Amino acid sequence: MSSALNYILAKAIVVSQPGTTAYAEELGRMTWLSYPVIVLPSTVMLFGAIIYMFRQIGKLTGQSLEDFILQ
């Protein structure tokens with residue numbers, strides 16, 4: 001997912017020829033935009049996967065999340 005979002009972001013923002021000032025500015029803008037466009041969705045998906053994993057473990061073992069964390 002991260003690589004696909006990064007590719008789409010690069011295709012949308014970087015349009016100038018390499019070596020120009022406009023190219024450097026576009027790379028800077030792409031780097032700045034990568035945080036809300038790539039990092040935040042990836043983090044949300046990671047937390048969702050962790051929560052899903054602990055819920056499935058809880059269903060299989062019959063124990064709560066607190067039992068896994070505290071012991």
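What you are looking at is a predicted structure, and each value in this text was computed from that prediction instead of being measured.
Taken together through direct or relayed side-chain contacts under 4.5 Å among Ile, Leu, Val, Met, Phe, Trp and Tyr, L5 and M45 form part of one hydrophobic cluster.
For residues 9-24, the pairs satisfying side-chain hydrogen bond (donor to acceptor under 3.5 Å, both in side chains) are S16-E26, with sequence neighbours left out. Within the structure, no pair that satisfies the side-chain hydrogen bond (donor to acceptor under 3.5 Å, both in side chains) test touches residues 31-52, not counting sequence neighbours.
Here the CG-CD1 distance, from N6 to I38, works out to 4.0 Å after rounding to the nearest 0.5 Å.
For I50, the side-chain contact (heavy atoms from CB on, under 4.5 Å) partners two or more places apart in sequence, or in a different chain, are L46, F54. Taking the side chain to side chain donor-acceptor pair (under 3.5 Å) definition, one finds that E25 meets it with nothing, sequence neighbours left out. In this view, L33 and L9, I13, R29 satisfy the side-chain contact (heavy atoms from CB on, under 4.5 Å) rule, not counting sequence neighbours. Evaluation of the side-chain contact (heavy atoms from CB on, under 4.5 Å) rule for I57 yields M53, T61, F68 as partners, not counting sequence neighbours.
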